[in-house]
Protein chains: 2
Amino acid sequence: MKLSRRSPARHQKTTKPVTTADPESSNNLHAVFALPPGRALDICLNIQTALLEHKLAPGVKLSEDEVGEIYGVSRTVVRAALQALAHSNLVTIKKNRGAFVSEPTIREAHEVFQARALIEPAVARLAALAMTDKQLAGLKAHLEAEHVALHKEDMGRALFHSGGFHTAIAEIADHRVFTSMVRSLISRSSLIIALYWKRADTACESHSHHALMKAFELRDAAMAESIQKSHIIDLHSGLDLREKPRSDTSLSAALGRTG
Amino acid sequence: MKLSRRSPARHQKTTKPVTTADPESSNNLHAVFALPPGRALDICLNIQTALLEHKLAPGVKLSEDEVGEIYGVSRTVVRAALQALAHSNLVTIKKNRGAFVSEPTIREAHEVFQARALIEPAVARLAALAMTDKQLAGLKAHLEAEHVALHKEDMGRALFHSGGFHTAIAEIADHRVFTSMVRSLISRSSLIIALYWKRADTACESHSHHALMKAFELRDAAMAESIQKSHIIDLHSGLDLREKPRSDTSLSAALGRTG
DNA sequence: CAATTCAAGATCGTATACAATCTTTGAGCA
DNA sequence: TGCTCAAAGATTGTATACGATCTTGAATTG
């Protein structure tokens, strides 16, 4: 399997590489990528979903040829998709080296959660003021989906729905600038969690989400803001962000001439 | 001058199209565009600078051939640059139509300044805590450059330096996530101001900036935060964001069959 | 045997060709 | 005259070719 240059299988979609999301959750991940609708956008969303579900680990190389073959498109399209993902900091492009799933640093992890702690409470406040009954039901659906995934021990999917819950709040706030920021931060959070999550208990099944729902039901903006702020800080504290030898470093240390 | 397909003047830089910024200000506009260093990034930065200086008006079409000819590169490179700009919301790409300098809506204008009112005060607080004497001097330089430009009635350049002042504060705060957000918001603000600025007095020569400097000199975080918040709100109020017939609409109305 | 060099292979960067789509314009017709 | 519609022109969308750069691994040399 070492063909010198894979032929991009002209116009023939080969295999759907990663699971496409459920209807109630795949509806609107878009709006972060400023691409005209088309194959490049599809690839972006597909890869983003894979990242949110932890099906693609930080550091994995995304070769243009390989991705192109998977989706049955040429490198031209793949490059557009990868560059869009790079703009959202989900992928890092190294000159003449290729694209890799980003590996957020500890510093970046802190910054992302500091940003979330500033923005998401404000967004929750807006959402509480704008919330309709239908939207409330939609939020509840996200939590239930998360619960079901957790019960099936499908952590990736649970995390995906947890992110969907946060994103949905931003959408309800109906503020596109904030929504775009929140979406971006949550995607990056998924990578951060993949690298640094330490807690034994699962991602977000904390009662914070349910407490937030309560605030939304009451249309209590101040309460929603306050709970969301605590929640984000709690998430931040659930990360193990101490400086320590990274896996590859420890590997070289472990294999050092001690034996 | 209607060649059916312009030849991209292989490897021959023709003309530098827009002024490249002054040394003290052009240093670091980057870090918003996730492109590997290269020609595409250069084009991005050049166009961004032109936008910040109001040398390129909202709505102007950025034809791939045209831009490619100007910079002496092929459409491949231009497309990467335009897509990067599109991701920052500075350019809007319409499928099969091309790229245009974005024309922010009134709603977008409100949202951008709401976001700035949330984020920049927090950033100012961080900056006040981290400020060194050298950085303080750097900030002062921005204000002086703005003042000089205003004296020469070069509004575009004044606005550029005003934005540079805000960006520099974010850099001093040394928070990459916030810095990237602020940079993006300020770029969009420049387009918004181009469309909606109403005040007779100039952009930011308000004493707000000098008051901010005072707070920074005192390392008074709370004061810096408070002043910055007022300043952003003041800028927001300097826009004319009432719904009204847009130029083209009023044109068709004016040319209607009224005799 | 270890370190170094260099060539072959793999991958990315960019230009170009062609296809798809949109816009414009002018002929045909009422 | 004014409208419809089609064909030509212009522009973007995508595939592919080729050069540039990096990685890898084997041969060479100390």
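The sequence lines fix the lettering, A, B, ..., with proteins before strands; numbering per chain opens at 1.
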I need the [atom1]-[atom2] distance between [X] and [N], as an integer number of Å.
| X | N | atom1 | atom2 | answer |
| --- | --- | --- | --- | --- |
| A/Leu35 | D/dT12 | CG | C1' | 14 Å |
| A/Ile43 | D/dT14 | CD1 | C1' | 12 Å |
| B/Glu64 | C/dC18 | CD | C1' | 15 Å |
| A/Asp65 | C/dC12 | CG | P | 6 Å |
| B/Asp42 | C/dT14 | CG | P | 11 Å |
| B/Ile93 | C/dT21 | CD1 | P | 18 Å |
| B/Gln83 | D/dT14 | CD | P | 10 Å |
| A/Arg39 | D/dT12 | CZ | P | 18 Å |

Would you call [X] and [Y] a salt bridge, using N to O less than 4.0 angstrom?
| X | Y | result |
| --- | --- | --- |
| A/Glu111 | B/Arg176 | no |
| B/Arg188 | B/Glu108 | yes |
| B/Glu171 | B/Arg183 | yes |

Quick check on [N]: is either OP1 or OP2 less than 4.0 Å from any side-chain nitrogen or oxygen of [X]?
| X | N | answer |
| --- | --- | --- |
| B/Arg75 | C/dC18 | no |
| B/Arg97 | D/dT11 | no |
| A/Thr76 | D/dT14 | no |
| A/Arg79 | C/dC12 | no |

- Task: Classify the nucleic acid contact of B/Lys61 as base, sugar-phosphate or nothing, counting any heavy atom under 4.0 Å across all strands shown.
- Result: sugar-phosphate
- Candidates A/Leu90, A/Val32, A/Ile43, A/Thr92 - the one meeting side-chain contact (heavy atoms from CB on, under 4.5 Å) with A/Leu85: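 Between A/Leu85 and the candidates, side-chain contact (heavy atoms from CB on, under 4.5 Å) is satisfied uniquely by A/Leu90.
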- Just one of B/Gln114, B/Arg107, B/His110 clears the side-chain hydrogen bond (donor to acceptor under 3.5 Å, both in side chains) bar with A/His175, so which one? B/Gln114
- Between B/Leu62 and A/Val77, just flag the one whose closest nucleotide in DNA chain D comes earlier from the 5' side.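 Closer to the 5' end of DNA chain D: B/Leu62.
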- Item | Comparing B/Lys94 and A/Asn96 on DNA chain D - which has the more 5′ nearest nucleotide | B/Lys94
